[in-house]
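What follows is a short report on a single structure.
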Amino acid sequence: MSDLHTPVLSWYAEHARELPWRGPEATPWAVMVSEFMLQQTPVSRVLPVHEAWLTTWPTPAALAAAPSGDAVRAWGRLGYPRRALRLHASAVAITERHGGEVPDSYEELRSLPGVGDYTAAAIASFAFGRAHAVLDTNVRRVLARAVSGTEFPPVSPTRAERDLALSLVPAADPEVWAVAVMELGALVCTAVNPSCERCPIAAQCAWLAAGRPAHTGPPRKAQTYAGTDRMCRGRLLAVLRDADGSVSRASLDAVWPDPVQRERALASLVTDGLVVRRGQRYGLPD
DNA sequence: GAAACGTGGGC
DNA sequence: TGCCCAAGTTT
């Protein structure tokens with residue numbers, strides 16, 4: 001395969017979005033906050049919350065000093081609010097174990113709550129310029145198409161994907177390569193209706209050369225939501241986010257008709273630490 | 001390894 | 001109108 005780096009880097013230099021967590025002015029903490037928020041959530045929805053978050057909590061120590069419930073409330077409607085709890089817990093760990101500084105090694109990052117393989121590699125790369133295979137859904141799709149000739153990557157990351165991604169990490173400016181491939185997947189090599197006519201590596205793309213064959217293999221799992229416990233949890237937590245202090249049982253009962261499912265969802269929220277019971281009332285945690 | 005975990009926008 | 005998707009992690 002001919003070189004992918006030159007065309008991808010040239011394309012990125014011209015078409016990269018200006019995002020507040022990119023560039024020299026972004027602190028490692030700003031990068032870390034963005035990576036938590038961007039897990040399964042689009043950039044457009046993250047932007048305003050990220051800005052407000054950094055204004056309120058400009059450092060890990062600032063967040064660590066706040067009640068975790070404040071983090072859950074500030075998370076707003078980004079979804080998957082356990083991420084807010086884990087980001088808060090990470091801030092506490094950074095304050096206690098790392099002197100308030102976001103650690104710069106993959107291993108130390110990986111040990112923080114809510115930081116998995118992708119996020120550890122992303123923070124180490126984007127915030128500290130470390131060389132890592134940053135394998136997110138965008139990069140996996142780009143490599144699946146360009147190199148493997150398939151429309152979509154496997155359901156979960158494989159050893160072959162990691163080896164391939166690692167083999168492509170350049171010695172010079174590895175963090176630029178990482179963000180450039182990711183950006184290509186986000187803007188051009190999209191999951192639906194990819195813009196191959198605008199793609200800088202169209203000439204090298206195995207999938208395009210094969211005539212863009214449709215995905216074969218197992219159907220990609222559909223996400224059901226309506227009527228699920230997840231939806232119920234979301235409704236219950238929205239009541240608590242929008243309330244000043246604690247709320248009564250009645251105000252929770254009002255947003256979900258099925259009492260069995262409602263009880264189950266509320267109990268799971270308490271188990272997760274997203275909700276605390278205070279006597280006969282409920283609220284966000286301290 | 002499968003399933004759970006929120007929310008909103010695009011086609 | 002629904003279905004699919006979005007910089008994943010945890011159990």
| query | For the ring pair A:W29 and A:W57, is the centre-to-centre distance below 6.0 Å? | reply |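 No.
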Looking at every strand, decide which applies to [X] at a 4.0 Å heavy-atom threshold: base, sugar-phosphate, or nothing.
X: A:G116; answer: sugar-phosphate
X: A:A122; answer: nothing
X: A:D117; answer: sugar-phosphate
X: A:V115; answer: sugar-phosphate
X: A:L78; answer: base

Could you tell me the separation between the [atom1] atom of [X] and the [atom2] atom of [N], rounded to a whole number of Å?
X: A:Y118; N: C:dT10; atom1: OH; atom2: P; value: 14 Å
X: A:R235; N: B:dT7; atom1: CZ; atom2: P; value: 9 Å
X: A:H215; N: C:dC4; atom1: NE2; atom2: C1'; value: 13 Å
X: A:R110; N: C:dT9; atom1: CZ; atom2: C1'; value: 8 Å
X: A:F126; N: C:dA7; atom1: CZ; atom2: C1'; value: 7 Å
X: A:L109; N: C:dA7; atom1: CG; atom2: P; value: 21 Å
X: A:D229; N: B:dT7; atom1: CG; atom2: P; value: 13 Å
X: A:L143; N: C:dA7; atom1: CG; atom2: C1'; value: 15 Å

On the nucleotide [N], are OP1 or OP2 found under 4.0 Å from the side-chain N or O atoms that [X] carries?
X: A:R83; N: C:dA6; value: no
X: A:R82; N: C:dT9; value: no
X: A:R77; N: B:dG8; value: yes

Where the side chain of [X] is defined as all heavy atoms beyond and including C-beta, which of [options] is the nearest nucleotide?
X: A:A191; options: B:dT7, C:dC5, C:dA7; answer: C:dC5
X: A:R233; options: C:dT10, C:dA6, B:dG6; answer: B:dG6
X: A:A186; options: B:dT7, C:dA7, B:dC5; answer: C:dA7

| Note, A:H5 side chain near A:L168 side chain (heavy atom, < 4.5 Å) |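 In short, these two side chains touch, coming nearer than 4.5 Å.
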| Any side-chain heavy-atom pair from A:R97 and A:P103 closer than 4.5 angstrom? |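 Answer no - side chains too far apart.
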| request: Can you sort out which residues in residues 16-43 of chain A have a heavy atom within less than 4.0 Å of DNA chain B? Ascending by number, please. | output: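 By residue number: A:Q40, A:T41.
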| request: For A:S156 and for A:L274, locate the closest nucleotide of DNA chain B by heavy-atom distance; then report the residue assigned to the nucleotide nearer the 5' terminus. | output: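 Comparing both residues, the 5'-ward one is A:S156.
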| Of A:N193 and A:M231, whose nearest nucleotide on DNA chain B comes first from the 5' end? |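 Result: A:M231.
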| task | Using the P atom on both, measure B:dC5 against C:dA7 and round to a whole Å. | result |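 My reading of the P atoms in B:dC5 and C:dA7 gives 23 Å.
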| query | If the P atom of C:dT9 is compared with that of B:dG8, how far apart are they to the nearest Å? | reply |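 Taking atom P in both C:dT9 and B:dG8, they lie 23 Å apart.
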| Between A:E35 and A:Y118: side-chain donor-acceptor atoms closer than 3.5 Å |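 A:E35 vs A:Y118: donor-acceptor pair found between side chains.
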| task | Mark yes or no for a side-chain to base donor-acceptor pair under 3.5 Å between A:R230 and B:dG6, with no hydrogen or angle criteria applied. | result |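 Side chain to base: pair found, below 3.5 Å.
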| If you pin A:T190 and A:T119 to their nearest nucleotides in DNA chain C, which one's is more 5'? |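 Upstream on the strand: A:T190.
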| Whichever of A:P113 and A:N138 has its nearest DNA chain C nucleotide further upstream toward 5' |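 The residue whose closest nucleotide sits nearer the 5' end is A:N138.
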| request: Give the intermediate values and the outcome of side chain to side chain donor-acceptor pair (under 3.5 Å) for residues A:T150 and A:R145. | output: CA-CA 5 Å; A:T150 59; A:R145 290 175 181 169; over 6 Å; no
| task | Please collect all ring-ring contact (aromatic ring centres under 6.0 Å, His included) contacts where either partner lies in residues 235-286 of chain A, sequence neighbours excluded, each pair once. | result |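 Sorted result for residues 235-286 of chain A: empty, none.
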| Other residues, nucleotides, ligands: >12 heavy atoms within 6.0 Å of A:R281 CZ |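 Yes, because the 6.0 Å sphere around CZ of A:R281 holds more than 12 heavy atoms from other groups.
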| message | Nearest 0.5 Å, please: how far is OG in A:S105 from CZ in A:R110? | response |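 So the CZ of A:R110 and the OG of A:S105 are separated by 12.5 Å.
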| field | NZ or CZ of A:R86 within 45° of A:Y80 ring axis and under 6.0 Å | value |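 The answer is no; the distance or angle limit is not met.
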